[in-house]
Peer 1: 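Here it is, the structure, as structure tokens.
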Amino acid sequence: MGSILSKCSCTSAASEREVPLQPSNVEISITTSNDGNDLRGLQAGQEKVSSEEPKSLKMSYQLFVLETLNRYRQENRFTDFTIRVNGKNFPVHRNVLAASSNFFSDLFSESDSSQPTDCEFEKVDPSTMENILNILYTGKCKLDELNNLSVLSLAETLGVQELFTKFAELLQGNKISVTKLRVLNSNNQDAVLTRLSSFQTKGLFCDVTLTTRSGKVVPVHKNVLAAVSCYFEGLFRSEMREVHEKNVDFGVIDETVVEELLNFVYIGEINISFHNARNLLQASDYLLIEHLKRRIIDFVKDSSTLLNFWLVYSLVRSFDCLDEVYQEMVNFVSIHFWSIAHSSEFLCITEQDVRWFLSNDDILSSEAQMLECLIRWYRHSLEDRKESFRRLLNLIHMGSIPDQYLKRLVADQGIDELTRFSGYRLDDDVPIEDILKTSAYHNVVLFGLTHRLHYTHSYNLCYWLPFAGPWSLIARIPHNKSMLANGTPLVYTSSGLYVQVPWNNPKLAFHRNPLTARHLMPNSGVAPTTDIEPSAPMTFDCAAVTMGKFIYLIGGMSMQEVTEVKTVQRYDVEKQTWSPVADMLEPRYELSAVNFKNRYIFVFGGTDGSSHRECLKTVERYDPHIDRWSYVSSMHQPRSSAFAFVHNEKIYVIGGERGEDVIPTDCELYDPVTDDWQVARVQVNTLYMPKGQTEQGSFLYHPTTENRELNAGCAGGLSVLSSTTAQQDQEGRLDEAKITRPYVTCINGSIVILDFSTCADGQRRADFYFVDPDSGNFRILQSLFAWPTDISYGAVMPLSRRDMMKALKDYSVHDGSIDNL
């Protein structure tokens, strides 16, 4: 149909954008591959997420590169060849044409010694050539061009008619598989960029070189580097010496990552680890390669675990470009400071680093614990850190530490610097041993609901600092006798306390600054108390989870229809607005839910609401970024009203009910990375300890070979035998502790079990069990104060340093009287 006067080469790129299902005069994406595999949505498991996400990122990156190269063509940037059609010039890139068309590749390779600068096509319309070039660069054309004879003829001449052939197969029956197109496009993009990478390795069509620190010369393509790097784009468009000499000094980039860097630039593939992350980050920051920087940022965010914390900390504190990760790291430190401060690395950090930690008042830690960590750091190098220690002491909020505790430190450890400080005073009859034993848990708070007999139409919403002060009244909540306290979601956030009331007309009530409530004073409820009207009918026996600025109320039982629901409502605490999100896959109430690393919400078990009250063992995961629920692996046994919490990157699910008064006796551990469950035999209702040692014991028990094998197969080091077996095998040597109403959570790396029965029985002290999840060892601690009330529901949680100061601001010594309340 025409003559070619000189040789040329071109690239075809395919888009991954989804395609309309009906034929029309719109742009579409076409490819040369016939791979029919569909892109499947992630159904479960972080392992599957990690294997699919890089593929999606690679597809997006490759599409970006090819579309940028096409834009360069249209703007006549970095072009080195011209196609002439009926008086119209089309500047193009040799390397792109050669990578996308075997025809052009062959023509260029035949005249390596004297490359022509242009060629001319006869009897070809300019619009036809523009369509073909768009196809070669981006894989896009218009549906009405598919039957255009001139386009088909030119495509056949240039050796790209397969693009049309493969797409025509997808058009049969007017049905287009979007997912199939996306896979075919990604394969085509990958093929084009892989050929460009091959050209770079062989030095074909390269128009500039990079000289590394050792003097190694690496040939590259201007247009590809400019498409990815703003640094190179600006350099190659300037009149600088490197442009004229066609060589760039690359010595500023660490030579160990040059090959990995170019591999990413050309095909979007790179393996990031802590071994190369720093050098790659320096390179991406210097060369302004935003896509690589984004990939590294995501890697650092996903790697924020206790095991990798100090590596992440070093990177984030070194690079301003990681500001996005900074706040996430601060939040991570706030939750995991106990483990971080007890690592060996903490002893070797600088004064500036210690100051950074101690300046964070959002850390969920007792002030005594903060002081202990500072002393531990100081004693690691006494002489060198003496002045630093004195300066850093001013960052400890001494008013949040018992005065007796400070005096004991001065006496026992000889730290004279502490004599100028004083803390709050407790009752004189509180043993100093109790204060010392509970130092790591002085910031624990219990928010609870209690029903006094002489207030028959109200519940008292209270808070209690079990290791510091007496009960405090937040507010009285009116109710009728139908209110069900045990199913009341209760959430404490930085803005205040949210509690659902009452049962027959559920809604959220908001209490601002509840920790400023005064102790045991008449009418001392915190004002204002605001009822938050839901956007849809609210449920009871639902689960409540906080994530960022949102509170999610999940599932539950509907009052209107008296049936279980799968709906989820989200409340924005900043905007004070409600919004619905995706429903769960199945209805459930009396369920458990946790926030996992501010990335996913997991719900566990619950009751299906049938006449038989069947308990569920299914588990669902919610991804707020895509607003979708999906199933993950089910628990080993069904359970409802269980306790769930996160510890060491795993989720613990303990206790609950199985229906027919059957209580699960084991603890299940879920690993979101492997989507795998393991079982540790823990019975929170019964604890065993050696006789005569009432303050410590172990869940680990190995009286026989059979049981040793059983325990060896359990995860996390937790195991306990039944009461009968324990007494039979160790008769006379074991004590049995019964816990009738437990509440279970995780604080400072320990499983904390509060025996609510001791609260309700009018005892002055309440029993807390602190269990080491790794060894199974536990100890029993009694709170310093307990209010004799009938409280039987609440939430135990650690307060931040800031909130603890707020709670102790109006502290007064408990006088033992409850009449005022």
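Nothing fancy with the numbering, it's 1 onward along the sequence. Given the structure is predicted, the values throughout are model-derived calculations rather than measurements.
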Peer 1: Search all heavy atoms of K88 against all heavy atoms of P126 and return the closest pair with its distance.
Peer 2: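 That would be CD-CB, 3.7 Å.
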Peer 1: Hey, are the side chains of V300 and I272 touching, using non-hydrogen atoms and a 4.5 Å cut-off?
Peer 2: no
Peer 1: Quick one: ring pair (Phe, Tyr, Trp, His ring centres under 6.0 Å) partners of F90, sequence neighbours excluded?
Peer 2: none
Peer 1: Are side-chain N/O atoms of E649 and T305 paired as donor and acceptor at under 3.5 Å?
Peer 2: no
Peer 1: Can you check whether T68 reaches F64 side chain to side chain, under 4.5 Å on heavy atoms?
Peer 2: yes
Peer 1: Can you tell me how the ring of Y61 sits relative to the ring of F264, calling it parallel under 30°, perpendicular over 60° and tilted otherwise?
Peer 2: tilted
Peer 1: How about E259: does its CD atom have over 12 heavy atoms from other parts shown lying under 6.0 Å from it?
Peer 2: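 Incorrect, the count does not exceed 12.
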Peer 1: Measure the CE-CG distance between M129 and N86 for me, rounded to the nearest 0.5 Å.
Peer 2: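 The CG atom of N86 is 10.0 Å from CE of M129, to the nearest 0.5 Å.
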Peer 1: Do the side chains of N263 and I267 get nearer than 4.5 Å, heavy atoms only?
Peer 2: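 Touching, per the 4.5 Å side-chain cut-off.
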Peer 1: Using 0.5 Å steps for rounding, measure from the CG atom of D572 to the OG atom of S579.
Peer 2: 7.5 Å
Peer 1: Look at the rings of F337 and F357 and say which category their plane angle falls in: under 30° parallel, 30 to 60° tilted, over 60° perpendicular.
Peer 2: tilted
Peer 1: Show your working on side-chain contact (heavy atoms from CB on, under 4.5 Å) between F78 and D207 and close with a plain yes or no.
Peer 2: CA-CA 10 Å; F78 314 116; D207 46 10; 5.9 Å; no
Peer 1: Would you please indicate yes or no on a ring centroid separation below 6.0 angstrom for Y286 and Y231?
Peer 2: yes
Peer 1: Could you tell me whether the side chains of R278 and S314 share a donor-acceptor contact shorter than 3.5 Å?
Peer 2: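 Yes, a side-chain donor-acceptor pair sits under 3.5 Å.
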Peer 1: For R213 and G251, indicate whether the former's side chain and the latter's backbone hold a donor-acceptor pair under 3.5 Å.
Peer 2: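 At least one qualifying donor-acceptor pair exists.
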Peer 1: Can the ring centres of F309 and Y313 be said to be less than 6.0 Å apart?
Peer 2: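 Close enough - the centres of the two rings lie under 6.0 Å apart.
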Peer 1: State whether a side-chain donor-acceptor pair under 3.5 Å links N247 with T211.
Peer 2: yes
Peer 1: Is the ring centre of H93 less than 6.0 Å from the ring centre of F81?
Peer 2: no
Peer 1: When you check the side-chain N and O atoms of N95 and N223, is any donor under 3.5 Å from an acceptor?
Peer 2: yes
Peer 1: Taking atom types as modelled and ignoring hydrogens, do the side chains of D254 and Q282 form a donor-acceptor contact shorter than 3.5 angstrom?
Peer 2: no
Peer 1: Are side-chain N/O atoms of N331 and Q327 paired as donor and acceptor at under 3.5 Å?
Peer 2: yes
Peer 1: What heavy-atom pair brings W310 and S343 nearest, and what distance separates the two atoms?
Peer 2: NE1-OG, 3.0 Å
Peer 1: Using distance alone, with no hydrogens and no angle criterion, decide if T350 and D353 have a side-chain donor and acceptor under 3.5 Å apart.
Peer 2: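 Yes, a side-chain donor-acceptor pair sits under 3.5 Å.
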